[in-house]
Amino acid sequence: MSTENEGTAVPPAPSAPPVPVDAPAASTPQASEAGAPTTPIPPVPPHASGGAQGPELVHAGPARAYASAEGGAQQGASGAPQHPGPGPEGAWPPPQAPGTPLYADGGAGGAGGAWGSGYQQPAPKPKNGRGGLVAAVLVAALVAGGVGGGLGYTLAKDNDNGSSTTLSASDSGGSVKRDAGTVAGVAQRALPSTVTIEAESTSGEGGTGTGFVFDTQGHIVTNNHVVAEAVDGGKLTATFPNGKKYDAEVVGHAQGYDVAVIKLKNAPSDLKPLTLGNSDQVAVGDSTIAIGAPFGLSNTVTTGIISAKDRPVASSDGSGSNASYMSALQTDASINPGNSGGPLLDAQGNVIGINSAIQSTSGGGLGGTSQSGSIGLGFAIPINQAKYVAQQLIKTGKPVYAKIGASVSLEDSTGGAKITTEGAGGSDPVEAGGPAAKAGLKPGDVITKLDDHVIDSGPTLIGEIWTHKPGDKVKITYERGGQTHTVDLTLGARTGDS
């Protein structure tokens with residue numbers, strides 16, 4: 001999701017040369033040339049930082065993930081700080097070399113000066129004709145400014161007949177109307193329908209996240225990892241921008257999707273659900289607006305663009321439970337811990353995603369603090385997927401996952417998702433009578449495509465499968481014995497997170 005912008009103060013810029021008191025004699029100085037001194041994402045993100053507070057990281061650390069494309073394997077403990085990633089294979093995602101915190105002394109990689117480094121006054125430049133010209137222009141500007149000011153005063157004085165010549169805005173700042181298509185206009189409409197969520201466990205642990213109004217009955221959509229602390233008898237509250245605070249309860253939560261629905265107790269009758277967009281129609285370069293409570297700063301609005309689509313991201317709620325996977329929308333809108341669960345909006349104010357995770361430097365902020373901030377790589381669950389999950393949670397209280405019925409390797413790979421020779425817990429790697437078996441898939445087959453989406457690893461395959469609903473027909477491209485094959489497959493269903 002200690003902030004990285006807290007550190008050594010930026011050194012003051014060198015002062016400008018003083019303006020001469022007397023203008024130099026009129027001459028034609030020689031102009032001279034004077035140069036002005038000039039003072040991947042990995043396929044699956046690394047370490048998590050911050051638990052229920054928000055998208056501290058690309059929630060996957062040096063952790064383990066599901067060993068099944070249907071998400072059925074248990075996660076191994078990893079000791080990652082937050083949201084440890086899942087899986088029995090234990091090699092995905094690979095640990096990433098720690099990044100260099102912003103404002104660190106010496107700069108990135110120790111090359112060049114940095115904000116925290118000492119400032120060295122540049123040597124003065126030799127005087128030349130052009131410098132004299134600049135000084136003369138400055139003096140002339142001062143004289144002209146003085147004349148203009150005096151003339152303006154005289155005109156105003158001579159025409160002062162009791163009426164003011166001052167022009168003022170017709171409306172006060174608080175009543176100015178913003179165009180609907182501007183960021184301010186979108187924020188004015190969307191903010192009243194967002195809430196800051198505080199979740200607290202029975203032991204007093206918890207954090208802050210964000211959610212948004214899903215319907216007029218009081219259902220609020222957020223991330224699973226935002227409310228995870230309050231699932232088993234904890235305390236949950238939701239506060240609107242107008243300061244009204246409501247107790248809430250968890251209606252349902254999906255660890256695999258990282259989506260949860262809570263419901264306000266004694267919900268007000270004037271709730272206005274946010275309009276849901278179509279995440280399938282989002283394009284790279286589209287404008288984005290994120291709303292949340294970064295580091296507890298409620299009702300914060302940030303902007304950016306969609307910087308990538310279909311980004312495979314693994315995450316966990318930090319409780320050592322099953323992991324989640326998403327084929328995420330990537331944005332450079334500033335997202336920090338506390339933004340989790342908040343809406344990612346398009347330029348028209350439609351929700352296109354749920355802010356869920358960020359990629360951040362592993363070292364945290366200045367001094368190595370545990371939480372680090374936005375570096376411009378945020379990830380959101382596409383709203384088309386989240387809408388389906390939320391509707392299932394409201395209807396039954398349990399998530400429903402699409403599956404192919406085969407266990408795949410979670411080792412770091414770029415060649416595809418390989419069906420393992422042994423399933424989770426000693427089960428068959430290809431479920432008897434399941435979708436994969438009916439399609440003729442066998443252990444050792446390497447899946448390289450799902451429809452038109454390239455599959456480079458097991459986690460990528462899981463994320464793509466979970467963008468679909470049970471019963472959807474997909475086209476699977478796989479390799480066996482050096483030959484490429486394509487087969488149609490109808491996705492099966494699994495209910496619940498266990």
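Note that these values count all heavy atoms, side chains included, but never hydrogens, waters or copies made by symmetry. Quick caveat, the model's predicted, so the values are computed rather than measured.
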My understanding is that only residues two or more places apart in sequence, or in another chain, count here; which of them pass side-chain hydrogen bond (donor to acceptor under 3.5 Å, both in side chains) with [X]?
X      : value
Asp215 : His219
Thr222 : none
Ser287 : none
Thr467 : none

Please step through side-chain hydrogen bond (donor to acceptor under 3.5 Å, both in side chains) for the pair His225 and Ser340, ending with a clear verdict.
-> CA-CA 8 Å; His225 72 265; Ser340 277; 2.8 Å; yes
Scan for ring pair (Phe, Tyr, Trp, His ring centres under 6.0 Å) pairs involving [range], sequence neighbours excluded, and state none if there are none.
range            : result
residues 246-289 : Phe240-Tyr246, Tyr257-Tyr401, Tyr257-Trp466
residues 267-293 : none
residues 404-427 : none

Quick one: pull up [atom1] in [X] and [atom2] in [Y] and give me the separation to the nearest 0.5 Å.
X      : Y      : atom1 : atom2 : result
Glu479 : Asp445 : CD    : CG    : 10.0 Å
Thr331 : Ile358 : OG1   : CD1   : 12.5 Å
Lys418 : Ser409 : NZ    : OG    : 7.5 Å
Phe379 : Ile335 : CZ    : CD1   : 9.0 Å
Ile383 : Ser279 : CD1   : OG    : 7.0 Å
Asn355 : Asn223 : CG    : CG    : 8.0 Å

Run the numbers on Ile262 and Val227 for side chain to side chain contact (heavy atoms under 4.5 Å, CB included), then give the verdict.
-> CA-CA 8 Å; Ile262 67 175; Val227 302; 3.9 Å; yes
Do you know the tightest heavy-atom contact between [X] and [Y]?
X      : Y      : answer
Asn339 : Ser334 : OD1-O, 4.1 Å
Pro429 : Ile419 : O-CG2, 4.4 Å
Ala402 : Leu491 : CB-CD1, 4.0 Å
Asp497 : Ala254 : OD2-CA, 3.7 Å
Asp332 : Gly304 : OD1-CA, 3.2 Å
Gly233 : Thr202 : O-CG2, 3.4 Å

pair [X]-[Y]: side-chain heavy atoms closer than 4.5 Å:
X      : Y      : result
Leu264 : Ile220 : yes
Ile447 : Ile404 : yes
Thr448 : Ile455 : no
Leu236 : Asp247 : no
Phe212 : Ile291 : no
Val430 : Pro443 : yes
Leu377 : Gln330 : yes
Pro470 : Val400 : yes

Can you check whether [Y]'s main-chain N or O pairs, donor with acceptor, with [X]'s side chain at less than 3.5 Å?
X      : Y      : answer
Thr210 : Gly292 : no
Thr396 : Gln392 : yes
Ser201 : Glu205 : yes
Asn224 : Ala260 : no
Arg311 : Val313 : no

Worked check of side chain to side chain contact (heavy atoms under 4.5 Å, CB included) between Lys387 and Gln391 | CA-CA 6 Å; Lys387 176 184 177 181; Gln391 290 171 337; 3.4 Å; yes
Please identify each residue that fulfils salt bridge (charged side-chain N to carboxylate O under 4.0 Å, His left out) with Asp488, with sequence neighbours left out.
->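 Asp488: salt bridge (charged side-chain N to carboxylate O under 4.0 Å, His left out) contacts with Lys475.
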Could you tell me whether the side chains of Glu464 and Ser327 share a donor-acceptor contact shorter than 3.5 Å?
->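 A donor-acceptor contact under 3.5 Å links the two side chains.
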Donor-acceptor side-chain pairing of Ser356 and Asp258 below 3.5 angstrom =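 Ser356 vs Asp258: donor-acceptor pair found between side chains.
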Any salt bridge (charged side-chain N to carboxylate O under 4.0 Å, His left out) pairs touching residues 263-286, not counting sequence neighbours?
->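 Pairs touching residues 263-286 that pass the test: none.
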Show your working on side-chain hydrogen bond (donor to acceptor under 3.5 Å, both in side chains) between Thr196 and Ser298 and close with a plain yes or no.
-> CA-CA 6 Å; Thr196 298; Ser298 301; 3.0 Å; yes
Give a yes or no on this: more than 12 heavy atoms of other residues, nucleotides or ligands lie within 6.0 Å of atom CG of Asn242.
->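 Counting other residues, nucleotides and ligands, CG of Asn242 exceeds 12 neighbours.
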Test Val408 against Thr420 for side chain to side chain contact (heavy atoms under 4.5 Å, CB included), laying out the working first.
-> CA-CA 5 Å; Val408 295; Thr420 59; 5.5 Å; no
Would Ile476 and His485 satisfy side chain to side chain contact (heavy atoms under 4.5 Å, CB included), going step by step from the backbone distance to the final call?
-> CA-CA 8 Å; Ile476 299 290; His485 306 271; over 6 Å; no
The criterion is side chain to side chain contact (heavy atoms under 4.5 Å, CB included); which residues satisfy it with [X], sequence neighbours excluded?
X      : result
Glu200 : Lys235
Asp346 : Gln348, Asn350, Ile352
Val186 : Arg189, Ile289, Leu345

Report the C-alpha distance between Thr208 and Glu198 in whole Å, list the side-chain angles of each, state the deciding distance to 0.1 Å, and finish with yes or no for side-chain hydrogen bond (donor to acceptor under 3.5 Å, both in side chains).
-> CA-CA 5 Å; Thr208 301; Glu198 294 182 13; 5.0 Å; no
